[in-house]
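Since we're looking at a predicted model, the values are computed, not measured. The sequence lines fix the lettering, A, B, ..., with proteins before strands; numbering per chain opens at 1.
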Protein chains: 4
Amino acid sequence: MLNRVILIGRLTRDPELRYTPAGVAVTQFTLAVDRPFTSGGSKEREADFINIVTWRQLAETCANYLRKGRLTAVEGRIQVRNYDNNEGKRVYVTEVIADNVRFLESSGGGNREEGGSSNANAGGGYSGGGSGSSNRGGGSREQQDPFIDDGKPIDISDDDLPF
Amino acid sequence: MLNRVILIGRLTRDPELRYTPAGVAVTQFTLAVDRPFTSGGSKEREADFINIVTWRQLAETCANYLRKGRLTAVEGRIQVRNYDNNEGKRVYVTEVIADNVRFLESSGGGNREEGGSSNANAGGGYSGGGSGSSNRGGGSREQQDPFIDDGKPIDISDDDLPF
Amino acid sequence: MLNRVILIGRLTRDPELRYTPAGVAVTQFTLAVDRPFTSGGSKEREADFINIVTWRQLAETCANYLRKGRLTAVEGRIQVRNYDNNEGKRVYVTEVIADNVRFLESSGGGNREEGGSSNANAGGGYSGGGSGSSNRGGGSREQQDPFIDDGKPIDISDDDLPF
Amino acid sequence: MLNRVILIGRLTRDPELRYTPAGVAVTQFTLAVDRPFTSGGSKEREADFINIVTWRQLAETCANYLRKGRLTAVEGRIQVRNYDNNEGKRVYVTEVIADNVRFLESSGGGNREEGGSSNANAGGGYSGGGSGSSNRGGGSREQQDPFIDDGKPIDISDDDLPF
DNA sequence: TTTT
DNA sequence: TTTT
């Protein structure tokens, strides 16, 4: 009914851009999101490592501008996929399907003249066409792992894709 | 850069549907959002009364299905408008521009057969066309109060509108 | 750095209340969160099934008042735990650690006299003591699965717990 | 029932730290939050200017570390206060009561060795004591403008305060 | 393994 | 398998 996530963290490595058999861009990366300090007094700073998936134009923008270590804000929704692995066992994968990504550190290392921060949205406004908040990140075919069938060009039409 | 609000509360009265001079639907209502219990022990339950604005298709859906007292979830962004009032004084108005509204109580009074809860999004997906999460609720012309110039048909084109 | 999730959905089954060896209450349940309608036109309504964990007082309140099928709002943060399963393989588990749960349907089936909706927060204010938004749901010991070592009373002190 | 806001923007000026007659710290600042690009094609970048209020320890931390222009993330809830102004007219003020503020730019101008970003929470964990997510930012006395009765030491006890 |  |  309602499913919204907002995260700020740092990329654990460079983003990975891939394409579905139908040619749709998908970028994945992991955000390290530091937990609040705990009273337990553990020495190491703890973090949650959260997988982020972006599609289409936003995927390409993320692949172009995000790099390992960059501070980044992500807005999206939680998605739980499942697939059967090679031993026939069902595996559950939880990801955040992002529809809004903010680059909180400029590429040059944070100096003001570069602007400091930039934006990227799922969709792309009027000229980009077609994208709707009503179907941000949805799409039935996502149930399959787009990376499982990599190289095996099964039939995915653009209509099946999330936005 | 990032501006997201999620509220659950009850309508203080029936929603009001109006149209801009260009014929675009706008619906306004107020949500009473109860505050968490306080330690201060005040007798009356306190609430914040928050003005909600919806546009276009979502405005019409809200006008059709929401009623005074209904429990409702709203997702959107904070907008601060200002205009000069009749004494020439600048007035600031803070509203939540909703792009997602969830009806948490069915019209019939909560019985299960009616389904219990329903949804409405800004935009409306592919067939609805045109709406994008990248410009949810944006639009420069909103700076003017759409209700100030009511009846005075100044020129607002659909292109100026938020989504 | 920042990690916030808000969900509205229905419980797929009754919540499960358990206790850690140190006697701290933990309640788990799964929310079925319907996805927005897709253009793909699949017949079945799709949903994400998201695991929710609550601790302490909130755990007991959820166990007492939530039931299968109830419409419920959850606010919290994403946590990714991992543990080594019985085959020595590392397993990753993603959950939402809730610090705020809203019961959107009264137990009696939704009639108004019962109040319609109720609230429960992590902590419990001044008299409840000790709980802080700065450490909502944190805690290093959570890294282990509290249900894995069930019945094996290893040493967990209350100080290790999230809030 | 549920009231959550997350914003990322820049301070329009240095934060202002004041104290209530009872000696409780309150800091106010304004965030300029850029709107998403619009199709309307207005030349100037539009922003919403949103008033933020923080209390107690978080107020002091914000006053110490935030400065005009800094990119900042704020998490909190919308509050609508009202008071009667000097002409006897009721004035409504909408603010975000923050319980979590993230400093996304280090004071030194963004260089990496300074760490890049820091955190501040309402409350302050176990040793800080007493803070609870159940009463984040609540409190009946806030209904009066804390700055209206400045210098007029009326009786406000710490117990009346939001967290 | 899933809710309405 | 993790970022600063």
Expressed in angstrom and rounded to an integer, what is the separation of [X] atom [atom1] from [N] atom [atom2]?
X        : N     : atom1 : atom2 : value
C:Phe29  : E:dT3 : CZ    : C1'   : 13 Å
A:Met1   : E:dT4 : CE    : P     : 14 Å
C:Gln79  : F:dT2 : CD    : C1'   : 16 Å
A:Arg81  : E:dT1 : CZ    : P     : 16 Å
A:Asp14  : F:dT2 : CG    : P     : 17 Å
A:Leu104 : F:dT3 : CG    : C1'   : 14 Å
A:Leu7   : F:dT2 : CG    : P     : 19 Å
A:Leu66  : F:dT3 : CG    : P     : 16 Å

Starting the side chain at C-beta, find the nucleotide from [options] nearest to [X].
X       : options             : result
C:Arg90 : E:dT4, F:dT1, F:dT3 : F:dT1
C:Arg13 : F:dT1, E:dT3, E:dT2 : E:dT2
C:Thr12 : E:dT3, F:dT2, F:dT3 : E:dT3
A:Asp34 : E:dT4, F:dT4, E:dT2 : F:dT4
A:Tyr92 : E:dT3, E:dT1, F:dT3 : E:dT1

Subject >> Sole candidate of C:Val53, C:Leu17, C:Thr54 that passes side chain to side chain contact (heavy atoms under 4.5 Å, CB included) when paired with C:Gln28 >> reply: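 So, applying the side chain to side chain contact (heavy atoms under 4.5 Å, CB included) to C:Gln28 and each of C:Val53, C:Leu17, C:Thr54, only C:Val53 qualifies.
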
**OP:** Start with the C-alpha distance between C:Asp84 and C:Val91, add both sets of side-chain angles, then the distance that settles side-chain contact (heavy atoms from CB on, under 4.5 Å), and finish with yes or no.
**Re:** CA-CA 6 Å; C:Asp84 297 318; C:Val91 179; over 6 Å; no

**OP:** Tell me whether the OP1 or OP2 atom of F:dT3 has a side-chain N or O from A:Arg70 closer than 4.0 Å.
**Re:**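 Indeed not, no polar side-chain atom of A:Arg70 lies that close.
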
Subject >> Sidechain-backbone polar pair: C:Arg70 side chain, C:Arg10 backbone, donor-acceptor under 3.5 Å >> reply: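 Looks like no, no N/O pair under 3.5 Å.
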
**OP:** For A:Asn100 and A:Asn121, indicate whether the former's side chain and the latter's backbone hold a donor-acceptor pair under 3.5 Å.
**Re:**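 Absent.
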
Original post:
Hey, are C:Asp99 and C:Arg4 close enough for a salt bridge, meaning a charged N less than 4.0 Å from a carboxylate O?
Top reply: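 Answer for the salt bridge query: yes.
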
